[in-house]
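Quick caveat, the model's predicted, so the values are computed rather than measured. Quick note: numbers below take in every heavy atom, side chains included, and nothing from hydrogens, waters or symmetry partners. Naming: A, B, ... by sequence-line order, numbering from 1 per chain.
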Amino acid sequence: MSLNELWFLLIAVLFVGFFFLEGFDFGVGMETQILAKNDTERRVLINSIGPFWDANEVWLITGAGAMFAAFPHWYATLFSGFYIPFVFALLALIARGVAFEFRGKRDSKAWQKTWDVCIFFGSFLPPFLLAVVFASFIKGLPIDGDMQMYAGFFDIVNVYTVVAGITVVLLCLVHGLMFTTLRTVGDLQVRARKLAQKLLIPLAVLLVAFVIMTYTMTDIFDKRGVLLWIVVVLGVVAYLLSGYFMTKKKDGYAFGMTGAVMALSVASIFIGLFPRVMISSLDQAFNLTITNAASGHYSLKVMTIVALTLLPFVLGYQIWSYFVFHKRIHEKEHLEY
Amino acid sequence: MDTVILSRIQFASTTIFHYFFVPVSIGLALLIAIMETMYVRKGNEEYKRMAQFWGKLFLINFAVGVVTGILQEFQFGMNWSDYSRFVGDVFGAPLAIEALLAFFLESTFIGVWIFGWDKVSKRVHLVSIWLVALGTMLSAFWILAANSFMQHPVGFEINNGRAEMNDIFALITNGQLLVEFPHTVLAAYATGAFLVTGISAYKLLKKQDIPFFRKSFEIAAIVGIISSFGVAVAGHAQAQYLVETQPMKMAASEALWGESGDPAPWTVFANIDTENQINTGEVQIPYLLSFLSYSKFSGDVKGMLELQKEYELAYGPGDYIPPVKTTFWSFRIMVAAGSLMIALGVYAIYLMWRKKMDRPNTWFMRFMFWGLLLPPIANTSGWIMTEIGRQPWTVFGLMTTEDSVSPNITSGQVLFSVISFTAIYAILGAVLIGLFVKVIKKGPYAMDNEHGESHDPYNKED
């Protein structure tokens, strides 16, 4: 494997990890308006992701940083090309991040409501917008010979990308609901499981629609047919298993399976892209690839050494932190911090 | 307005706003780690309460620092994509390492620290806050490594019209970094320290929780005076490095148009006429500029007009003189604020040493309270001098600001983002100050009882 391939893989892993991890805390953020009946339940939900969401978001920051370092042209084309979607995503992430910290700091209903709205939109908009961006990756974007992307509104927002956005949002919600079943007790836990089960059908419809549209509207099944069909089959299996485990109340396994569906969905985008990183709808020759968008060999080598040295530690203490906070959250507990 | 100007406004506002919170996080993390260490060693609950009380302010501040940091990372690609293409190879690496090495560390262990008071052992809890403090420092190191490359590019070669890294060790032993890192980090420690002394002074003036705030004041004053002195020493080294590597920035920060003469005097104030490239009135201290530049009382310093000719020969025709007034005055504001910090710190230490802290003079305590504004003033003007003084370059000698901007964004888009981000900054700033005031007013002993509906202090399970 060349270093360029390795870094493409690492970036894919970072984004898969981001959607798997922050996926559930986005979902829990949405639940605060959908599932929670009162303020205590909302507090329980927020505390269930309290120790984790920040580190989960760092997966996104690291993914973007890795793009910058390993494929500067990818980073530059992507971030300048999707200027406005990123402005909205950033505003949402800013509001959400401070809302977790701010909402409990004053005893005022209006105050808490304001930040709760921020948590909801901040949990809903970023996965939606990021999914729109990722879906338009494989659909192709107007990128010219200078690697500059001049996208109009409908290049970014169209039926295909919007379906992708809604699918990922719903997937985050189901994934988050399963996380809630793992971290809470009693009524909240039961309701979370029930709602997850209810959402399985609409989610299945969306996923199937997305696969069909991907098959007909993009070239990725032509390019990576066998591999993608394997991913689709695995996805279907994981999906069915998640439903099965939900009915058997095996929440841990069900959470693993909803996460697997998320991971496979994101992975399929990267598999379809490879070895391209952005597809030009103007001319195949203008595609950004892991070769023409990449940093020099020395830089990739240095980054590889650094990443391979640090990753075991990073993964180690992150897993440890989940172990530290493995106990379920009770309403009777001191919920402030 | 064109996208370059708007993107510069975007960059300036984002960076300045972000950098109100970063030094507070770095500084408070260290102080809290010290307080918690004293708690673990001495077993005195008062120290634990200190860590928790100042920890509240730390967390409010940290949240804003983190969320504005994401924007800081994204805007290089959004607004400065041609810059990102040109230097991504060199500049992206420190950013990615920062995320891997520092951000994961901070974000994971801050979670353990907040939620882990009764879930992990005292020692593990203490290690967590030290790891957070370490993380903030590592983060500063790598982001300054990236910034130092912009000030003084090293460890690269130009290939296919791009700067490609060829020596990572040159990048992390960049002379610029070696003077910039201690200067910046010590300034951050001073920022945290003066925030704590300032708030403590306010509470002592109000005669509230006197033992608690006197102790806090003393710990912070010691950190404050050591770091303020350190900032000055490191700053002196940085000025000397500047004369060698970015003489134009040095000349602009002195409003020095022609030759300085030997020995060179330091200009305290000047009435700068940028149009005619002359100063129409100056107050000067003899010998001082020679000393600042070379640590001796002789030697002349080159002026902007001569440097402009040299730069034209080296880089082609163009205007290489940065905005002189901004550079000149921001430097003076920084130095003045730093000097005041040292003066306040010295007097505070004198009071502590003479054991007069139980009845300090009211005027002094008022100064100490307002003194909490000095570090942010110094930090901000320091960065303005550093970044404006480098103009017209983004990467000194290699790439201009004008060439760095994203060619595919419209001024409407940037205007939209400038307005929306400025609005959200204004809201965040106001909320943060409001919350700070609230936490401070409540004081350290009210903490256990707020939102008391589900919390019983006598219940061991809590």
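When each of Ser295(A), Ala70(A), Ala307(A) is checked for heavy-atom pairs under 4.5 Å with chain B, Ser295(A) comes out on top. Taking chain B as the reference chain and counting heavy-atom pairs below 4.5 Å, the highest number among Phe82(A), Trp320(A), Phe71(A) is found for Trp320(A). The residue among Thr410(B), Ile60(B), Asn159(B), Thr68(B) with the most heavy atom pairs within less than 4.5 Å of chain A is Ile60(B). If you tally non-hydrogen atom pairs under 4.5 Å between each of Phe325(A), Phe88(A), Phe68(A), Tyr298(A) and chain B, the highest count goes to Tyr298(A). Chain A forms more heavy-atom pairs under 4.5 Å with one residue of Ile424(B), Asn160(B), Val66(B), Ile427(B) than with any other, namely Ile424(B). Among Arg162(B), Arg85(B), Gln413(B), the residue with the largest count of heavy-atom pairs under 4.5 Å with chain A is Arg85(B). Among Val431(B), Leu432(B), Val87(B), the residue making the largest number of heavy-atom pairs under 4.5 Å with chain A is Val431(B). Taking Thr62(A), Thr77(A), Leu60(A), Leu78(A) one by one and counting their heavy-atom pairs under 4.5 Å with chain B, the maximum is reached by Thr62(A). The most heavy-atom pairs under 4.5 Å with chain A, out of Leu71(B), Val439(B), Asn166(B), Asp167(B), come from Asn166(B). When each of Gly81(A), Gly63(A), Ala69(A) is scored by its heavy-atom pairs under 4.5 Å with chain B, the top score falls to Ala69(A). Among Arg96(A), Met67(A), Lys301(A), Gln148(A), the residue making the largest number of heavy-atom pairs under 4.5 Å with chain B is Gln148(A). Chosen from Gly55(B), Gly69(B), Ala93(B), the residue pairing most often with chain A at heavy-atom distances under 4.5 Å is Ala93(B).
Neither the backbone nor the side chain of Thr309(A) comes within contact range of chain B; no heavy atom of the residue lies under 4.5 Å from a heavy atom of that chain. Contacts between Gln72(B) and chain A at a heavy-atom distance below 4.5 Å are absent for every atom of the residue. Val302(A) touches chain B through its side chain: at least one heavy atom from C-beta onward sits under 4.5 Å away, while N, CA, C and O do not. In this structure, chain B has a heavy atom under 4.5 Å from the side chain of Leu310(A), while its backbone stays farther away. Proximity to chain A involves both the backbone and the side chain of Val64(B), based on heavy atoms less than 4.5 angstrom apart. Only the side chain of Phe109(B) has a heavy atom closer than 4.5 Å to any heavy atom of chain A. The contact between Glu164(B) and chain A is made entirely by side chain atoms (from C-beta outward), counting heavy-atom distances below 4.5 Å. For Ile409(B), the part lying near chain A is the side chain, with the backbone staying farther off; criterion is any non-hydrogen pair under 4.5 Å. Both the backbone and the side chain of Val324(A) come within contact range of chain B, with heavy atoms under 4.5 Å apart. Contact annotation for Leu300(A): neither backbone nor side-chain heavy atoms come within less than 4.5 Å of a heavy atom of chain B. Heavy-atom distances place the side chain of Leu435(B), and not its backbone, under 4.5 Å from chain A.
Side chain of Ser321(A) to main chain of Gln318(A): a donor-acceptor pair is present (N/O by atom type, distance under 3.5 Å, no hydrogens or angles). Checking side-chain atoms of Trp113(B) against main-chain N and O of Leu126(B) turns up no donor-acceptor pair under 3.5 Å. Side-chain N or O atoms of Asn61(B) include one that pairs as donor or acceptor with a backbone N or O of Phe21(B) at under 3.5 Å.
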Q: Could you go through the ring-ring contact (aromatic ring centres under 6.0 Å, His included) check for Phe52(A) and Phe24(A) one step at a time?
A: CA-CA 10 Å; Phe52(A) 311 123; Phe24(A) 72 70; 7.1 Å; no
**Q.** Worked check of side-chain hydrogen bond (donor to acceptor under 3.5 Å, both in side chains) between Ser107(B) and Trp53(A)
**A.** CA-CA 9 Å; Ser107(B) 58; Trp53(A) 74 266; over 6 Å; no
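The closest side-chain heavy-atom distance from Thr15(B) to His18(B) is not below 4.5 Å. Residues Phe8(A) and Asn4(A) are not in side-chain contact: their nearest non-hydrogen atoms beyond the backbone lie 4.5 Å or more apart. Between Arg183(A) and Arg328(A), every side-chain heavy-atom pair lies at or beyond the 4.5 Å cut-off. Looking only at side-chain heavy atoms (C-beta outward), Gln75(B) and Phe86(A) stay at 4.5 Å or farther from each other. Residues Pro407(B) and Ser81(B) form a side-chain contact, since some pair of their non-hydrogen atoms from C-beta on lies under 4.5 Å apart.
For Lys122(B), the NZ atom counts as densely surrounded, since its 6.0 Å shell holds more than 12 non-hydrogen atoms of other residues, nucleotides or ligands. Annotation: Phe121(A), atom CZ; neighbour count of heavy atoms from other residues, nucleotides and ligands within 6.0 Å does not exceed 12.
Judged purely by distance below 3.5 Å, without hydrogens or angles, the side chains of Ser406(B) and Asn79(B) never pair a donor atom with an acceptor atom.
Nearest heavy-atom pair, Thr184(A) versus Leu188(A), reported as atom, atom and distance to 0.1 Å: CG2-CD2, 3.8 Å.
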